[in-house]
Every structure is written in C-alpha cells, then in structure tokens.
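Here the structure comes first, spelled out in structure tokens, and everything after it is commentary.
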Amino acid sequence: MAASSRGLSSTQFGLKPRRVDFSPLYHRSGLELRRRRRKFFDRDWRINCCCSDSVVPIRRSKNVEKAEEWRFDPKKSPRRARIQATPALPFASSQSRFVSKPEKFYPRCTPRSSGFQSRDTPPKRDTGIANEKDWGINLLSENVTESGINEDGSTWFRESGEDLGENGYRCRWARMGGKSHDGSSEWKETWWEKSDWTGYKELGVEKSGRNAEGDSWWETWQEVLHQDEWSNLARIERSAQKQAKSGTENAGWYEKWWEKYDAKGWTEKGAHKYGRLNEQSWWEKWGEHYDGRGSVLKWTDKWAETELGTKWGDKWEEKFFAGIGSRQGETWHVSPSGDRWSRTWGEEHFGNGKVHKYGNSTTGESWDIVVDEETYYEAEPHYGWADVVGNSSQLLSIEPQERPPGVYPSTDFGSSPPPPDDVPPDMPSPTPE
C-alpha cells in the first residue's frame with residue numbers, strides 16, 4: 001500500500017469501537033526434517049522429502065536487533081541515525097553457546113499416498129515477528145475430522161471447524177498434529193482467524209512439540225486489526241512468543257516480541273528475552289516509541305549473571321524531538337565478592353550543532369565537555385504503518401459474519417486486561433543490578 005495509507009482512518013477498514021481481545025498464538029505440517037550443522041537451540045534446517053529430490057530451506061523472518069553503539073552517516077538527514085548492537089561487555093550468546101546433544105527426529109517421511117505428515121519445526125532465536133505469508137495459514141471452508149497411521153507407525157490427526165458467538169463473533173480454526181510410533185516425539189499446531197461486527201479481525205498460530213531426547217518447544221504468533229477506543233483510529237498489532245528447552249541439560253530460552261501501529265504514524269515496538277545455559281543466565285529488554293509527530297524514545301537494557309555471583313550489564317536510552325534531546329547509559333560489572341564497577345555517560349543535544357557530553361566511572365574517570373557535533377537519530381520507524389498494512393493482506397481480507405438489518409454491535413470501553421508476565425512461570429525472573 002502506498003505511503004498515503006498513513007492517513008487512513010478506522011472507517012476505511014470498516015471498524016467500530018471495541019476493546020482489544022488477545023488470545024494465544026502458534027504451528028505447521030509434515031515432511032522429514034534433517035539437521036545440517038547446528039545444535040538444537042539455533043538450527044539451520046532443511047526439509048528433505050524422501051519421496052522427492054528437492055531440498056527446500058525453511059524461510060526465516062528478518063532479524064530485528066537493538067543497539068548500544070551509535071554509528072552515524074553524515075550523508076543522511078540530521079534527524080536519522082542507524083543503530084547497531086556492539087556489546088561493551090562479553091555477553092553470553094545463546095546462539096553460539098547453547099550446545100546440546102544432536103537431536104534425532106524419528107523419520108516420518110512416507111509415500112505421497114499416505115496420510116498427513118509431521119511439521120515439527122522448532123522456533124529460531126532472534127527472528128522477531130514473522131510476516132503472515134511465512135506461516136502459510138490456509139483454513140478450509142468445510143469442517144474436517146480425520147486421522148491415520150503412517151507406514152512407520154507414527155500417527156496423525158487433522159480437524160477444522162467454526163465457532164460462533166455474540167456480537168457477530170466468528171472463529172474459523174484448524175488443528176493438526178502427530179506423534180511417533182512409541183510416543184517419544186510429538187507435535188501440534190493450530191491456526192485460527194477471528195472477527196466480529198465491530199470490525200475486529202485476528203489471525204493467529206500456535207505451535208508446540210517435543211522430541212525423543214526430551215527437548216521441547218512452543219511458539220505463538222498473532223496479528224490483530226481493531227479500532228483504538230479513544231482515538232477511533234485503525235490499529236494493527238503483531239506479536240510473537242517463542243520458547244525452547246533442552247531435555248539433556250539445564251538450558252533454554254524464551255522471547256516475547258510485539259509491534260503496534262496506528263493510521264497516523266504512532267508506533268510502539270519491543271522485545272523481552274531470556275536465556276540460560278547451565279550455570280549462566282542472561283536477559284535483554286528493548287523498546288521503541290514513536291508518537292507520529294516527531295517525538296521518539298528508544299531504550300535497551302541487558303544483563304547476565306552466573307551461579308558464582310558474577311553479574312554484568314549495559315543499558316542506554318535516548319529521547320529526541322525536533323532535533324533536541326538526550327542520550328544516556330551505563331555499563332556495569334559486579335564480582336562474586338560484591339565489588340561493583342560502573343561507567344555512566346550522557347549527551348545533551350541542543351539542536352544548534354552543540355552537544356554536551358559528560359560521564360564518570362567508579363575508577364575515577366570523568367569528563368564534561370561541549371563539542372561541535374551534528375545530531376542524528378531516527379525520527380520515524382524504518383517499518384511503519386504503510387509497511388504493516390502492505391504485509392497484512394490476509395488479516396485485512398478476513399470476512400466477518402453478515403450483520404442482519406437493524407442489529408448493531410455492542411461496544412466495551414472498559415480497561416484492557418493486564419499484559420501477561422514477561423517470563424513464563426517455570427523460568428526465573430530477571431534480577432538486574
């Protein structure tokens with residue numbers, strides 16, 4: 001959709017006021033999965049069908065990462081900057097340090113004439129929120145209930161249906177799954193689309209599985225179109241949650257991602273992440289907020305700790321509007337004996353080519369200077385309203401129930417439900433310094 005879509009109102013999407021209703025997300029179906037090189041927590045997979053010579057890589061969504069070192073391009077607008085993550089301290093990388101035993105998927109690829117086949121594909125770390133086309137959601141128009149046994153003894157099922165409710169609520173759904181002949185590995189996947197007479201639309205996926213070694217995973221994905229209760233503007237919200245655990249060691253990871261957009265350029269993005277490998281754990285949180293009128297807030301906070309008591313971390317924040325703003329941050333480290341080191345820094349940008357830079361550390365460092373320097377920052381998101389509308393064609397095409405003449409949707413302007421916990425109940429809560 002062209003950039004002019006930024007000015008679209010909720011009426012152009014056929015929306016009426018309604019409270020947001022979030023529900024779970026995740027899933028897929030089958031061919032034999034063969035591992036190429038990597039371990040369970042960050043694998044590079046190929047789908048290899050023994051009935052065909054083709055090998056097709058699984059698509060992965062674009063990685064979105066936040067930053068702590070600023071890299072400026074003077075050729076760009078003085079209100080835009082590119083941010084790149086370069087940790088000041090050696091943060092443990094769960095991608096490179098998760099090392100579990102090779103996973104052995106039970107072979108499930110059977111002749112083309114056999115029944116439904118496995119789609120057990122663990123999620124990948126740091127892949128953000130996939131676009132709807134990457135999921136390939138295809139809901140059947142009729143209700144289906146079927147199951148079967150493959151030649152290798154593995155079983156499968158598939159079912160679909162439709163649920164109706166008040167206010168024109170309709171949910172079309174499909175569920176599928178399977179397990180190996182001995183039950184040691186299994187997978188489940190659910191797709192759905194929801195709508196009602198207020199113009200609310202939702203597309204979602206939920207996916208989970210486990211293998212014979214006890215490794216387990218789940219993944220959720222959701223895309224929602226609704227009308228903001230107070231501004232009456234159309235809003236699209238996207239979110240994803242992912243988790244994987246090793247069955248052979250104390251290792252696992254969890255991620256929660258979200259993006260929110262409205263038709264006037266207001267945008268909010270963020271992520272919370274957690275990982276653990278035996279004696280070491282790490283966390284990361286970041287957020288971005290654009291008000292659509294030139295004001296921007298960005299922040300990142302990440303830290304790690306070991307069971308011996310060593311802790312370290314780094315965080316920063318920036319606020320800007322009309323070329324005037326500030327940046328500040330801190331890098332810190334705590335030894336097992338409790339000794340703490342830290343360095344704090346800050347910048348004040350006055351919008352006139354002058355920047356006040358200051359900082360100090362616990363080892364006696366300090367600075368306080370004013371320099372001639374241009375100010376660069378991103379006043380608008382690199383992926384905004386026009387982009388999300390253009391990539392949400394399946395969501396926007398959901399058809400609600402036909403509303404009878406004289407029947408009008410009820411509205412609820414009550415407070416939205418509180419957000420779920422950032423970390424699942426079976427994972428430790430973060431403890432930053």
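Quick note: numbers below take in every heavy atom, side chains included, and nothing from hydrogens, waters or symmetry partners.
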request  = Return yes if some donor-acceptor pair links the side-chain N/O of Glu132 with the main-chain N/O of Leu395 below 3.5 Å, else return no.
outcome  = yes
message = Is it the case that the side chain of Glu193 and the backbone of Arg172 share a donor-acceptor pair, with hydrogens and angles ignored and the cut-off at 3.5 Å?
response = no
key: Ring geometry between Trp283 and Tyr274 (parallel below 30°, tilted from 30 to 60°, perpendicular above 60°)   = tilted
query = Between the side chain of Ser295 and the main-chain N/O of Asp291, is any donor-acceptor distance below 3.5 Å?
reply = no
query = Short question: side chain of Gln227, backbone of Asn232 - any donor-acceptor pair under 3.5 Å?
reply = yes
query = Heavy atoms, side chains only, cut-off 4.5 Å: are Trp266 and Leu233 in contact?
reply = no
Set of residues satisfying side-chain hydrogen bond (donor to acceptor under 3.5 Å, both in side chains) with respect to Glu307, sequence neighbours excluded = Arg276
inquiry  = Using the salt bridge (charged side-chain N to carboxylate O under 4.0 Å, His left out) criterion, which residues pair with Glu255? Sequence neighbours excluded.
reply    = Arg125
query = Between the side chains of Asn391 and Tyr383, does any donor sit under 3.5 Å from an acceptor?
reply = yes
query = Do Ser160 side-chain atoms and Trp173 backbone N/O form a donor-acceptor pair below 3.5 Å?
reply = no
request  = Would you check if Glu284 and Asp301 make a side-chain contact, meaning some heavy-atom pair closer than 4.5 Å?
outcome  = no
ask   = What residues form a side-chain hydrogen bond (donor to acceptor under 3.5 Å, both in side chains) with Arg170, not counting sequence neighbours?
value = none
key: Test side-chain hydrogen bond (donor to acceptor under 3.5 Å, both in side chains) applied to Thr306 - qualifying residues, sequence neighbours left out   = none
message = Could you check whether any side-chain N or O of Trp221 sits under 3.5 Å from a backbone N or O of Ala130, counting only pairs where one atom can act as donor and the other as acceptor?
response = yes
Contacts of type ring pair (Phe, Tyr, Trp, His ring centres under 6.0 Å), residue Phe350, not counting sequence neighbours = none
query = Are side-chain heavy atoms of Lys357 and Glu373 found at a separation under 4.5 Å?
reply = yes
query = Quick one: does Tyr358's side chain get under 4.5 Å of Glu348's, heavy atoms only?
reply = yes
ask   = Are Trp257 and His272 close enough that their ring centres sit under 6.0 Å apart?
value = no
query = Sub-3.5 Å donor-acceptor pair from the side chain of Ser246 to the main-chain atoms of Glu249, do we have one?
reply = yes
message = Using modelled atom types and a 3.5 Å cut-off, is there a donor and acceptor pairing between side-chain atoms of Asp182 and backbone atoms of Ser184?
response = yes
key: Expected output: side-chain Lys201 to main-chain Ile398 donor-acceptor under 3.5 Å   = yes
message = Applying salt bridge (charged side-chain N to carboxylate O under 4.0 Å, His left out), can you list everything that pairs with Asp339, at least two apart in sequence or on another chain?
response = none
ask   = Just wondering, do Glu378 and Tyr290 contact through their side chains at under 4.5 Å, heavy atoms?
value = yes
